[in-house]
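Chain identifiers are assigned alphabetically (A, B, ...) following the order of the sequence lines, protein sequences preceding nucleic acid strands; residue numbering begins at 1 within each chain.
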Amino acid sequence: MFEARLVNSSTFRKVLDAIKDLLNEASFDCSENGIQLQAMDSSHVSLVSLNLKSDGFDKFRCDRNLTMGMNLTSLGKVFKCSGADDTVTMKAQDYADTVTFMFESKKQDKISDYEMKLMNLDQEHLGIPDTEFSCIIKMPSIEFARIIRDLSQFGESIVISCTKEGVKFSAQGDIGTGNVKLAQTHNFDKEEESVTIDLQEPVALTFACQYLNSFTKATPLSNQVKLSMCENVPLVVEYQIPELGHLRFYLAPKIEE
Amino acid sequence: ENYQARLEQYYTRL
């Protein structure tokens, strides 16, 4: 028996909105530790890694490890039926081929449930080694989304370069070039507005705008985003989900041929 | 021209 209750169903809806651009379907691995998902986009350039801890749920029970393959478009349809303030309870029997989502309104005056068919998906998991990153940038997630959106107008790639002076985002294309430089700023009153850089050595890497733009769909999940970079290693873009876990995106760099 | 790397170039399949 699997049962997970989340008072803020909107958090799960935000997670779905953040990954549906990249993934059509995905397997949710449920265990006593929580719910995990790891899946690559169809071109194997980026990877989504979701970790929702069991103790972040308002109720969590998983008697037997369970992998639930879901079509994310269908899952999106189910969550479209929920109210913004609803509580969601996910339930599945052991070896079940369906999962049930029950939505309860805040006042408990409306309860709806939707049963969705599960899928058998070929799971491809990648082993991601622990990496000593050359630089770790933490910045407001809204600012990151804005910069990626703005620079995407100039070219298909964005160069992210980080030095002790700050971080620079650059793009160039037919119409010209764009550069955005951010210096470190410590705002002790509003931590979420700070830009912080933990630098071991300067690094500059090039990434496809299309994927960076998709990652920023996770902006509503977190005030801050963490970018971890290292030469010859994919970029890690991490959004902390308060009290529940994190959503990470991995993106292979572009390299000179 | 930039060549797009794939994740398998960096990570192993489990």
- Task: Step through the shown structure and confirm whether more than 12 heavy atoms of other residues, nucleotides or ligands are within 6.0 Å of CD on E156(A).
- Result: no
- Message: Sort by residue number and list every residue of residues 34-52 of chain A having at least one heavy atom under 4.5 Å from chain B.
- Response: M40(A), S43(A), H44(A), V45(A), S46(A), L47(A)
- Query: Does a side-chain heavy-atom distance below 4.5 Å link L7(B) with L126(A)?
  - Reply: yes
- Message: What I'd like to find out is whether the side chain of Y10(B) reaches to under 4.5 Å of the side chain of Y250(A), using heavy atoms alone.
- Response: no
- Over 12 non-hydrogen atoms of neighbours within 6.0 angstrom of CD in E32(A): no
- Item | Residues, nucleotides or ligands: over 12 heavy atoms within 6.0 Å of R6(B) CZ | yes
- Are more than 12 heavy atoms from other residues, nucleotides or ligands located less than 6.0 Å from atom CG of N120(A)? no
- Task: Measure across G127(A) and Y11(B) and return the closest heavy-atom pair with its distance rounded to 0.1 Å.
- Result: O-CB, 3.5 Å
- In terms of heavy-atom contacts, does NZ of K138(A) have more than 12 from other residues, nucleotides or ligands at under 6.0 Å? no
- Note on the structure: For A5(B) and A252(A) the tightest heavy-atom approach is O-CB, 3.4 Å
- Task: Using the side chain to side chain contact (heavy atoms under 4.5 Å, CB included) rule, take Q4(B) and I255(A) through it: C-alpha gap first, then chi angles, then the decisive distance, then the call.
- Result: CA-CA 6 Å; Q4(B) 178 61 59; I255(A) 45 184; over 6 Å; no
